[in-house]
Asker: 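Here it is, the structure, as structure tokens.
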Amino acid sequence: MVDAVHIPSNFIHQIIDSDLANGKNGGRVHTRFPPEPNGYLHMGHAKSICLNFATALKYGGKCNLRFDDTNPEKENLEYVESIQASIRWLGFDWEDRLYYASNYFDQLYDYAVALVSQGKAYVCSLTPDQAREYRGTLTEPGRNSPDRERSMEDNLDLFSRMKNGEFADGTYTLRAKIDMASPNINMRDPVIYRIRHAHHHQTGNKWCIYPMYDYTHCISDAIEGITHSLCTLEFEDHRPLYDWILDQLDVPHHPQQIEFARLNLNYTVMSKRKLKQLVDEKLVNGWNDPRMPTLEGMRRRGYTPAAIRNLIEIAGISKSNSVVDVGMLEHCLREDLDRTSPRAMCVLRPLKVVLTNYPAEKTDILGMSRHPKDESMGERSMTFTRELYIDRSDFEEVPPPKFKRLVPGGEVRLRGAYVIRCDEIVKDAAGNITELHCSCDMDTLNKNPEGRKVKGVIHWVSASNSISCEVRLYERLFTHENPDSAEGDYRDKLNPDSLVVLSDCRAEPSLASAQPEERFQFEREGYFCADRFDSKPDGLVFNLTIGLRDTWGKIQNT
RNA sequence: UGGGGUGUCGCCAAGUUGGUAAGGCAACGGAUUCUGAUUCCGUCAUUCGUUGGUUCGAGUCCAGCCACCCCAGCCA
């Protein structure tokens, strides 16, 4: 459990401060994160998780995990498990407070009976189509159901028979009796129970009627003693119903619902429907594809929980619909990764370099710090040999202006080793560069050459003393800032280069022991992590989490 | 054209009793650097959707207007 998540004060905390000052709730603060187990958690959920848990932490309160499992047909255990794993991974702990709305089905039923007994709810036989027609429109009031004045006795009997399984799905519903003319459509006698002969992942076949969200959520909150029920903006219109239900019933407590804006990020989609479509149409490789904004995908990609938490912190909590720039997330990521990742060298696109003046049998064992600013990470060693690999992008036969890497006749420093000069370019029959013949200035180990400045520093690996590995390079899934925008299908805005697999990269020997999910900074390239599922000791696979800031690349593109 | 919300710098976002626009991201300069990384300095809203009004004084109060988001599931 992270003990310090700082959500900066926001309008919700101001409400809580004022509640506390007024002695409301006996000084308690109790929140909950209430996912429906009908899919995997994504970045949007992370906001709610952080807000709810961090708020509890800030005020010395508690936060429950409650599965809002009132629609069995869409839910399953796999989601229940994945959701818990993701919340733990993010760094939060609900201790012994894991609940399910289905825990309350008996109480919920009793409360419904109480409502019927008070004449505040009735059994309705309208079909879904009829119900829609009776509901009216945004600008016209609805009409009362013909069943609205059914006697309390008959309602009780019918509701009990609904529960006992005497009726088929869709034949009856239980509706709250409120006001069919309300300008708020949620108040036009909303359905609170429907018949569903479906197996439930928690309650099995015990029930064939299931309570609706609006009816369930407020009562669940009340039962759990939730003080502040935080939810997203689209539920603002539901608040009157939330309060109405609790006002009718003899519940132990009346929580306050407060709404905040969802998290939106540019260059991605967040809707469950679209995410599912990407998976189903194999546009990505599953829900945990490293390009997905799901927490499982981001985890596999190498994102750190701290970076995600930090983004939520700096993005803030408000009520305005906004789109956060992924650049902010990337900033949080690099900030955390730079601090925590040991450095290593890995040549992504190898180009052989032969040091003509370096004896074939000679070798240098070079010690290099794992982190330039954190000595506690220690050192690793690399073997320097006559034949090396450098990255193809670090050599240009015809260099662009301001290029400060290797060029014909030019010098460059091999990081942590010697300064070399390119003397000869070797090409194959097709004119492709196959190797470089260079000379090594043997007097430049750990010291600068006399009388000249060598500006460029590039990374390298010994040809014989390095290991082969696969590297998966990821970019943003979409090329379009707003894939959801009106023009065109979001799938047409997918980035064709979002995944590039490099199968013969050369890594320094110390990387051989990389464990799944272990993170590194490959110097001058970016942050990588060993793939959680595919990386094996004899077949290392690294995922690019995020590249280093690339001002050179930016200069070139302008 | 019903109801509920929101509009402060390219992107987030503070601004609580009206007193003269925080911060972060991005961007742009520059310094340091054996990662074109990191770090470090500096620049970046006479203006708060808009029009009026009240006031010595308004992002903050009042009125009108405009734009955008959400709601007509027996989904959550």
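Just so it is clear, the model here is predicted, and its values are computed rather than measured. We name chains A, B, ... by the order of the sequence lines, and we start the count at 1 in each one.
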Asker: Is the side chain of A/Asp189 donor-acceptor paired with the backbone N or O of A/Arg175 at a distance under 3.5 Å, no angle test?
Answerer: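 Here the side-chain-to-backbone pair does not exist.
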
Asker: So, does A/Ser322 get its side chain near the phosphate of B/A13, meaning an N or O under 4.0 Å from OP1 or OP2?
Answerer: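 Yes, because at least one side-chain N or O of A/Ser322 sits under 4.0 Å from OP1 or OP2 of B/A13.
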
Asker: With a 4.0 Å limit, can you tell me whether A/Gln14 has a side-chain N or O closer than that to the phosphate oxygens OP1/OP2 of B/G15?
Answerer: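 Checking B/G15 against A/Gln14, a side-chain N or O does come within under 4.0 Å of OP1 or OP2.
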
Asker: So does A/Lys455 have more than 12 non-hydrogen atoms from other groups sitting under 6.0 Å from NZ?
Answerer: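 Not buried by this count: 12 neighbours or fewer within 6.0 Å.
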
Asker: Quick one: A/Glu525 CD to B/G36 C1', roughly how many Å, whole number?
Answerer: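 That distance rounds to 12 Å.
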
Asker: Any strand counts, and the cut-off is 3.5 Å on both contacts for Watson-Crick or G-U wobble. Which nucleotide pairs with B/A31?
Answerer: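 Here B/A31 is engaged in a pair, and the nucleotide opposite it is B/U39.
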
Asker: Which whole-number value in Å describes the distance from A/Asn22 CG to B/U16 P?
Answerer: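 Those two atoms, CG and P, are 19 Å apart.
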
Asker: Taking only N and O in the side chain of A/His331, is any of them less than 4.0 Å away from OP1 or OP2 of B/C25?
Answerer: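 Yes, because at least one side-chain N or O of A/His331 sits under 4.0 Å from OP1 or OP2 of B/C25.
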
Asker: Is it true that A/Tyr267 and A/Phe478 have ring centroids separated by less than 6.0 Å?
Answerer: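 No - the distance between ring centres of A/Tyr267 and A/Phe478 does not fall below the 6.0 Å cut-off.
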
Asker: When all nucleic acid strands are considered with a 4.0 Å heavy-atom cut-off, which category describes A/Pro372: base, sugar-phosphate, or nothing?
Answerer: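 Base contact.
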
Asker: Name all residues meeting the salt bridge (charged side-chain N to carboxylate O under 4.0 Å, His left out) criterion together with A/Arg413; count only those two or more places apart in sequence or in a different chain, and write none if there are none.
Answerer: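 Residues passing salt bridge (charged side-chain N to carboxylate O under 4.0 Å, His left out) with A/Arg413: none at all.
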
Asker: Can you tell me how far P of B/C11 sits from CG of A/Leu329, to the nearest Å?
Answerer: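 Those two atoms, CG and P, are 18 Å apart.
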
Asker: Quickly work out the A/Leu548 CG to B/A37 P distance and round it to whole Å.
Answerer: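 Rounding to the nearest Å, CG of A/Leu548 and P of B/A37 are 8 Å apart.
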
Asker: Taking atom P in both B/G59 and B/C71, what distance in whole Å separates the two?
Answerer: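 Straight-line distance between the two P atoms is 35 Å.
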
Asker: At less than 4.0 Å, is any side-chain N or O atom of A/Ser318 found next to OP1 or OP2 of B/C12? Yes or no.
Answerer: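 False: A/Ser318 side-chain N/O out of range (4.0 Å or more) of B/C12 OP1/OP2.
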
Asker: Determine yes or no for a side-chain-to-main-chain donor-acceptor pair under 3.5 angstrom, with A/Asp69 supplying the side chain and A/Ala101 the backbone.
Answerer: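 Here the side-chain-to-backbone pair exists.
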
Asker: Would you say A/Arg524 places a side-chain N or O within less than 4.0 Å of OP1 or OP2 belonging to B/G36?
Answerer: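 Affirmative; the distance criterion is met.
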
Asker: Quote, to the nearest angstrom, the C1' distance that separates B/U54 from B/G18.
Answerer: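 Nearest-Å result for B/U54 against B/G18 at atom C1': 11 Å.
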
Asker: Does B/A13 have OP1 or OP2 under 4.0 Å away from a side-chain N or O of A/Ser320?
Answerer: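 Yes, such a contact exists.
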
Asker: Rounded to the Å, how far apart are A/Lys319 NZ and B/A13 C1'?
Answerer: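 To the nearest whole Å, that distance equals 16 Å.
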
Asker: Shorter than 3.5 Å, N or O on both sides, protein versus nucleotides 29-34 of chain B: list them out with atom names.
Answerer:
unit_1	atom_1	unit_2	atom_2	d
B/C34	O2'	A/Arg415	NH1	2.4
B/C34	O2	A/Gly416	N	2.9
B/C34	N3	A/Arg413	NE	3.0
B/C34	N3	A/Gly416	N	3.4
B/C34	N4	A/Arg413	NH2	3.1
B/C34	N4	A/Asn446	N	3.0

Asker: Which way is the base of B/G10 turned, syn or anti, if we draw the line at 90° from 0?
Answerer: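 Anti, since the glycosidic angle lies more than 90° from 0.
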
Asker: In whole Å, I'd like the distance from the CZ atom of A/Arg188 to the P atom of B/G4.
Answerer: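 After rounding, the reported distance stands at 13 Å.
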
Asker: Within a strict 4.5 Å, meaning less than it, do heavy atoms of the A/Tyr104 and A/Tyr99 side chains meet?
Answerer: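 Yes - at least one pair of side-chain heavy atoms lies under 4.5 Å apart.
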
Asker: Check every strand shown and say whether A/Lys453 touches a base, only sugar-phosphate, or nothing at a heavy-atom separation below 4.0 Å.
Answerer: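 Counting heavy atoms under 4.0 Å across all strands, no contact is made by A/Lys453.
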
Asker: Checking the side chain of A/Asp147 only, and the main-chain atoms of A/Ser125 only, is there a donor and an acceptor separated by less than 3.5 Å?
Answerer: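 Indeed, once roles are kept as given, a pair shorter than 3.5 Å links the two residues.
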
Asker: Identify whether NZ of Lys or CZ of Arg in A/Arg506 sits under 6.0 Å from the centre of the six-membered ring of A/Tyr389 and within 45° of that ring's axis.
Answerer: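 Pair A/Arg506/A/Tyr389 does not count as cation-pi.
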
Asker: What one-letter contact string describes nucleotides 38-43 of chain B from 5' to 3', where B marks a base within less than 4.0 Å of any protein heavy atom, S marks contact via sugar-phosphate atoms alone, and - marks no contact?
Answerer: BS----

Asker: Answer with yes or no whether the side chains of A/Ser376 and A/Asp374 bring together a donor and an acceptor at under 3.5 Å.
Answerer: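 There is such a pair between these side chains.
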
Asker: A/Val323 near the nucleic acid: base, sugar-phosphate alone, or nothing, with a heavy-atom cut-off under 4.0 Å?
Answerer: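 Here A/Val323 touches the backbone only, sparing every base.
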
Asker: Report the distance from atom CZ of A/Phe11 to atom P of B/G15, rounded to the nearest whole Å.
Answerer: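 Interatomic distance, CZ of A/Phe11 to P of B/G15: 11 Å.
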
Asker: Using the P atom as the reference point in each nucleotide, state the distance between B/U8 and B/A14 in Å, no decimals.
Answerer: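 Looking at atom P only, B/U8 and B/A14 are 11 Å apart.
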
Asker: Got a sec, which pairs hit salt bridge (charged side-chain N to carboxylate O under 4.0 Å, His left out) with one end in residues 261-276 of chain A, sequence neighbours left out?
Answerer: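 Qualifying pairs: A/Glu234-A/Arg262, A/Lys274-A/Asp484, A/Lys276-A/Asp280.
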
Asker: When rounded to the nearest Å, what value does the distance between P atoms of B/C62 and B/G7 take?
Answerer: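 It comes out at 15 Å once rounded to the nearest Å.
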
Asker: Let me have a per-nucleotide readout for nucleotides 67-76 of chain B, 5' to 3', with B, S or -, counting only protein heavy atoms under 4.0 Å.
Answerer: --SBBBSBSB

Asker: With rounding to the closest Å, how many angstrom separate the P atoms on B/A22 and B/G36?
Answerer: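 Approximately 36 Å lies between the P atom of B/A22 and that of B/G36.
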
Asker: Say you pick atom C1' in B/U38 and the same atom in B/C11; how far apart are they, in whole Å?
Answerer: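 Comparing C1' positions in B/U38 and B/C11 gives a spacing of 24 Å.
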
Asker: Please state the C1' separation for the pair B/U6 and B/G49 - nearest whole angstrom.
Answerer: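 It works out to 11 Å between them.
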
Asker: Is it true that A/Tyr242 and A/Tyr215 have ring centroids separated by less than 6.0 Å?
Answerer: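 Ring centroids of A/Tyr242 and A/Tyr215 are no less than 6.0 Å from each other.
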
Asker: What distance, rounded to whole Å, do you find between the two C1' atoms, one in B/A13 and one in B/A45?
Answerer: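 14 Å, rounded to whole Å.
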
Asker: So which nucleotide does B/U6 pair with, by the Watson-Crick or G-U wobble rule with both distances under 3.5 Å?
Answerer: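 B/A67 - that is the nucleotide pairing with B/U6, both distances being under 3.5 Å.
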
Asker: What does A/Arg343 touch in the nucleic acid at a heavy-atom separation under 4.0 angstrom: a base, only the sugar-phosphate, or nothing?
Answerer: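 The residue A/Arg343 makes base contact.
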
Asker: Rounded to the nearest Å, what distance is computed from the CZ atom of residue A/Phe260 to the C1' atom of nucleotide B/U6?
Answerer: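 The distance from CZ of A/Phe260 to C1' of B/U6 comes to 16 Å, rounded to the nearest Å.
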
Asker: Considering all heavy atoms of both residues, which atom of A/Val123 and which atom of A/Arg150 are nearest to each other, and what is their separation?
Answerer: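 Smallest interatomic distance, heavy atoms only, reads O-NH2, 3.0 Å.
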
Asker: Taking salt bridge (charged side-chain N to carboxylate O under 4.0 Å, His left out) as the definition, give me every residue that meets it alongside A/Arg421, ordered by chain and number, with sequence neighbours left out.
Answerer: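 Counting only residues at least two positions away or on another chain, A/Arg421 forms a salt bridge (charged side-chain N to carboxylate O under 4.0 Å, His left out) with A/Glu411.
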
Asker: Determine whether the aromatic ring centres of residues A/Phe542 and A/Phe522 are separated by less than 6.0 angstrom.
Answerer: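 Yes, they do, as the ring centres are separated by less than 6.0 Å.
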
Asker: Does the base of B/U35 carry an N or O that pairs as donor and acceptor with the side chain of A/Gln521 under 3.5 Å?
Answerer: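 Between B/U35 and A/Gln521, which were checked side chain against base, a qualifying N/O pair under 3.5 Å is present.
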
Asker: Hey, would you say the A/Tyr193 and A/Phe159 ring centroids sit under 6.0 Å apart?
Answerer: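 Yes, the ring of A/Tyr193 comes within the 6.0 Å limit of the ring of A/Phe159, centre to centre.
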
Asker: Name the nucleic acid region contacted by A/Arg239, choosing base, sugar-phosphate or nothing; use a 4.0 angstrom heavy-atom cut-off, strictly under.
Answerer: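 A/Arg239: no heavy atom of the nucleic acid under 4.0 Å.
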
Asker: Sort out the partner of B/C74 for me: Watson-Crick or G-U wobble, both distances under 3.5 Å, none otherwise.
Answerer: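 Checking every strand shown, B/C74 finds no partner, since no pair has both distances under 3.5 Å.
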
